[in-house]
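Heads up: the structure comes next, in C-alpha cells.
The sequence lines fix the lettering, A, B, ..., with proteins before strands; numbering per chain opens at 1.
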Protein chains: 2
Amino acid sequence: MKVNLKMLSESLGLSQTTVSRALNGYSDVSETTRQRVIEAASQLGYQPNPQARQLATGRADAIGIVYPFGASDIGDMRFGEVVSGLTERLAEHRIDLLIHSSRPDVELDTYRRLIDGRRVDALIVARTRLDDPRIRFLQERNFPFVAYGRTETALPYAWFDFDNEAGGRMAARRLLELGHRRIALIHAPLDLTFAAQRYKGFITALREAGLEPDPELVIEAPLNRIGGYQAVGRLLAMKKPPTALLVDNNVAGVGALRALGDKGWKPGSGMSLIVYDGIPSEIPLTCTVTGVLQPTGESTGRALADLVLDVLAGKPLADLHRLGQPCVGAGETDGPPPAPARRPRAKALG
Amino acid sequence: MKVNLKMLSESLGLSQTTVSRALNGYSDVSETTRQRVIEAASQLGYQPNPQARQLATGRADAIGIVYPFGASDIGDMRFGEVVSGLTERLAEHRIDLLIHSSRPDVELDTYRRLIDGRRVDALIVARTRLDDPRIRFLQERNFPFVAYGRTETALPYAWFDFDNEAGGRMAARRLLELGHRRIALIHAPLDLTFAAQRYKGFITALREAGLEPDPELVIEAPLNRIGGYQAVGRLLAMKKPPTALLVDNNVAGVGALRALGDKGWKPGSGMSLIVYDGIPSEIPLTCTVTGVLQPTGESTGRALADLVLDVLAGKPLADLHRLGQPCVGAGETDGPPPAPARRPRAKALG
DNA sequence: GTTTACATCCAAAGCGCTTCGGATTACGAT
DNA sequence: ATCGTAATCCGAAGCGCTTTGGATGTAAAC
C-alpha cells in the first residue's frame, strides 16, 4: 500500500504541515523532530507524489529537450551520451528529462505544447542554427532555456559550445612542448567558424611561445581527403620540411595520413602528427593517431544540466556560457623532433 | 494569463464538470454543447494542466526509458532515432517520454524511484541481457513494461526484437531470384544468437526453393576481418566456386570485400555479394555494397511505442511481440550469375 | 395524469501536496 | 506580573482537474 503524507504524519502524531516542512528543510521545525520524520519516512518507504507536489508548487520538476526528427548525421552518435550526462546531473536535483522529437515544420508547436502545458520548467535547444526561430520564440515568451551551440541574437541567453580556439592552442602547445619549432597547420577554409577558431588558437600558441608562424607552413586545404593528401605533399616537398603537423579536421586528416604513409612515414618517427577530432576507429590503421578530442557527450550533458540549473536559479543569463574544453588524446603519432632537428636551435643563434 | 477549467466553464456558463466531460469525450453531454466547449477552449487557448489531471486520475501520462550509463558502442548511434520514433508515436496519445540513465549498479534504484514515485505508467527496458534482473524486478512488481530485445524468462512479457531469420531468408531469396544456384554463406559461430537465426533463414530459403544447401559452401568464420578474408579465399579456390555469397555480419564482410578485391573482383561482375548490415560508409569504397538492412531506429521506436500502448491497454502480454523486419538494401554488388553459370541448369537434367 | 426512461447537466468531494497565517509554549527582559 | 521574542507546530485553504451521485427536464409508455 502506497503511503502518503497523511499516513506518515498520523503515524508520527504530527501535522501534515510539519512533516512536509521537515522533509523540505524548513527551519521552523526542530532538529529532533526532523530526524524523527526522516527516519519514519524512510521506514515506511514514503515517496512524495510528484504530481501533487507539482500541482501545489507550480513547478514541473522536469526539463525538456526537443530533438529534431530524422536528424541522423554523425552528431547523433553523441546524443545518447549527452542524454546520459544530462539525466545523471539532473537526477541529483530530482529533475526529470522529457524528450520529444518533432519534424522541423511543427517544431514550434511542440515547444508551445510543452510550455503552455506546463510540462517542463525549462528547455534545451539542440542543434541551433545561426538564426534560430526557436530561440527567438523562447526569448519572446521569456521561457527559460539553454542553447546547445551558439547562435546570433541580440539578447543574452545561456549556451554551451565547444572551445575550438582552446583546442587549436592546446595542440600547438603540445607540439611546442615536445620541442618542435617548425610546426605546420593544414586547415579548412577560414569562413568555417570552427576552422577560424582553431586557426586562431594555433597561431596564438605559437606567438605565446615567441614564434612567428611561418606562412609557408600554414596551408589551407579543402575539407576532403584529397585536400589533406595534397597539402602534405606540398609540405614534404619543401627543402626544409616541418617536424610537426596539425590537421584541423579529421577528414583532411585521413588524406594526410595516407599521404604520409605513401612517403614511407612511420608513426613516432620523423614528423609528428596531431589530427583534430582524431581519426575514426573504423578506418583501418596500425596505430592510434594523436588527436584533439572533444569532451565526451557525458561531460557536455553535465555542463548543459548545470546551465539549466543556473538558469532556473535565476542567475543572469549573460554569465551563463560554457565552453567545452577539448583535450589532447594520447596517441602514437607525436613525439620529439628527430635528432637532426635539434641542431637548428644552435643555428638559431648564428 | 493562463486559462484554467474554471475560467473556461464560467465563460461558457457551464459547470466545470460538464466542460471537463465534454472535452474528454463523455457521452452525457450533448453534441451541440460539446462543440461550443471545444470551440471556446481553442478560442481561449485552454490547455489542461497535466499535473492536476495526473493527480486526479493517478496516471502519469508518461513512460520511462532507463538508458545504461556510459554505453557507447555502435548501438548508440541508433539511440537518437529510436527516441525519435518513440516520442513521435507517443505524442499522438499525449504521452511523454522520460529518459533517465544510470550506472548499472544502481539501475534498479532508478527503476524503483520511477515506479514508486509514480512518475511513469510504464517502462521500456533497453539492451536486455540474457538473464535480466530488471525484467525480473518489473515482473515481480507487476509493473507494465516492454523489453527492447528478447531475454530468457518464464513469464510472458512484451518485447521487440529484430527478425534475423527473416533477414537471412530475404538475402538468400534475393540471390535465388536473381538466378543463382550456388550460393555460399559465410557465417559467424552459431552459438551467437544472431548468427544461428540468420543461418536458419538462409537454409530455409534454399530449401523452400527446392535446393539442398551444399555444406561445402557454408563456412563458419570467426567474427573478424581475417575470418571473412580467409573464408573468401577458400571459396574462390574451389574448382566450382559459388556465383553468389552472403556474409552474415559486416565485420567479416569487410574482410571478404578485401579478399575479393585482391582477386581482381569488380562489383556487379562475377560473384554477387550481400553483406548483412551492409558496410559502414566510413570504409573507403568505390561502390555501395548490397546489404540486409535493419529497420530504421524510427520504425523501431514506433514499434516500441505501439507495444507500450498495447500493454497499457491491458492486452494479453503473450501476444505482444514484434519482430523488426529487415530489408535488402539495393547496392551494386549483386546481379544475375555470369552467363556461363546458366548452362548448369540444362546439366541439372542429366 | 402518472411512471419510466433518457438525455443533460451540475455540486461537491476528493487526488496529495505546499504554504499562509496564525496558535502555543517557553523564557529571559522589563 | 507583563511583554516581546524566538522556536515550534498546526488548521485550513488552495493548486486544477476528474468523478460520483444525484438533480432537472423532456419525451415516450402506461
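Here the P atom of nucleotide C:dG14 and the CD atom of B:Gln51 are 23 Å apart, to the nearest Å. Protein atom CZ of A:Arg119 is 16 Å distant from nucleotide atom P of D:dG16, rounded to whole Å. Spacing between atom CG of A:Leu44 and atom C1' of C:dG16 amounts to 16 Å, rounded to whole angstrom units. Taking atom CZ on A:Arg94 and atom C1' on C:dC17, their separation rounds to 15 Å, with Å as the unit. In this structure, B:Leu5 places its CG atom 16 Å from C1' of D:dG14, rounding to the nearest Å. Counting to the nearest Å, the C1' atom of D:dC17 and the CD atom of B:Gln47 are 14 Å from each other. Following rounding to the nearest Å, A:Asn4 (CG) and C:dG14 (P) show an atom-to-atom distance of 14 Å. We find that NZ of A:Lys2 is positioned 15 Å from P of C:dC15, with the value rounded to whole Å.
Residues from residues 13-20 of chain B lying near DNA chain D, meaning a heavy-atom separation below 4.0 Å, are B:Gln16, B:Thr17, B:Ser20 in numerical order. Remark: A:Leu55, A:Ala56 in residues 53-61 of chain A come within less than 4.0 Å of DNA chain D through at least one heavy atom. Less than 4.0 Å separates DNA chain D from at least one heavy atom of each of the following residues of residues 26-38 of chain A: A:Asp28, A:Val29, A:Ser30, A:Thr33.
Between A:Arg322 and A:Asp306, none of the side-chain N atoms (NZ, or NE/NH1/NH2) sits under 4.0 Å from a carboxylate O, so this pair counts as no salt bridge. Taking a cutoff of 4.0 Å between a charged side-chain nitrogen and a carboxylate oxygen, B:Asp61 and B:Arg119 do not qualify as a salt bridge. Ion pairing between B:Asp161 and B:Arg150 holds under the 4.0 Å rule for side-chain N and carboxylate O. At a threshold of 4.0 Å, the pair A:Glu31-A:Arg34 counts as salt-bridged, since one of the basic side-chain nitrogens sits closer than that to a carboxylate oxygen. Under the 4.0 Å criterion applied to side-chain N and carboxylate O atoms, B:Asp131 and B:Arg136 are assigned as salt-bridge partners.
Between A:Tyr148 and A:Phe162, the two ring planes are perpendicular [angle over 60°; tilted spans 30° to 60°]. Ring orientation note: the planes of B:Phe145 and B:Tyr157 are close to parallel, at an angle under 30° on the 30°/60° scale.
Between the side chains of B:Ser30 and B:Thr32, at least one donor N or O sits under 3.5 Å from an acceptor N or O.
For C:dT18, one of the phosphate oxygens OP1 or OP2 lies less than 4.0 angstrom from a side-chain nitrogen or oxygen of A:Asn24.
Looking at which nucleotide of DNA chain D each of B:Arg21 and B:Tyr46 is closest to, the 5′-most match is held by B:Tyr46.
Of the candidates B:Leu12, B:Leu8, B:Asn4, B:Leu44 forms a side chain to side chain contact (heavy atoms under 4.5 Å, CB included) with just one, namely B:Leu8.
Nearest to the side-chain atoms of B:Pro48 among the listed nucleotides C:dC20, C:dC17, D:dC17 stands D:dC17.
At distances below 3.5 Å, at least one donor-acceptor pair connects side-chain atoms of A:Thr87 with backbone N or O atoms of A:Val83.
Note: A:Leu304 CG to A:Arg302 CZ = 11.0 Å, rounded to the nearest 0.5 Å.
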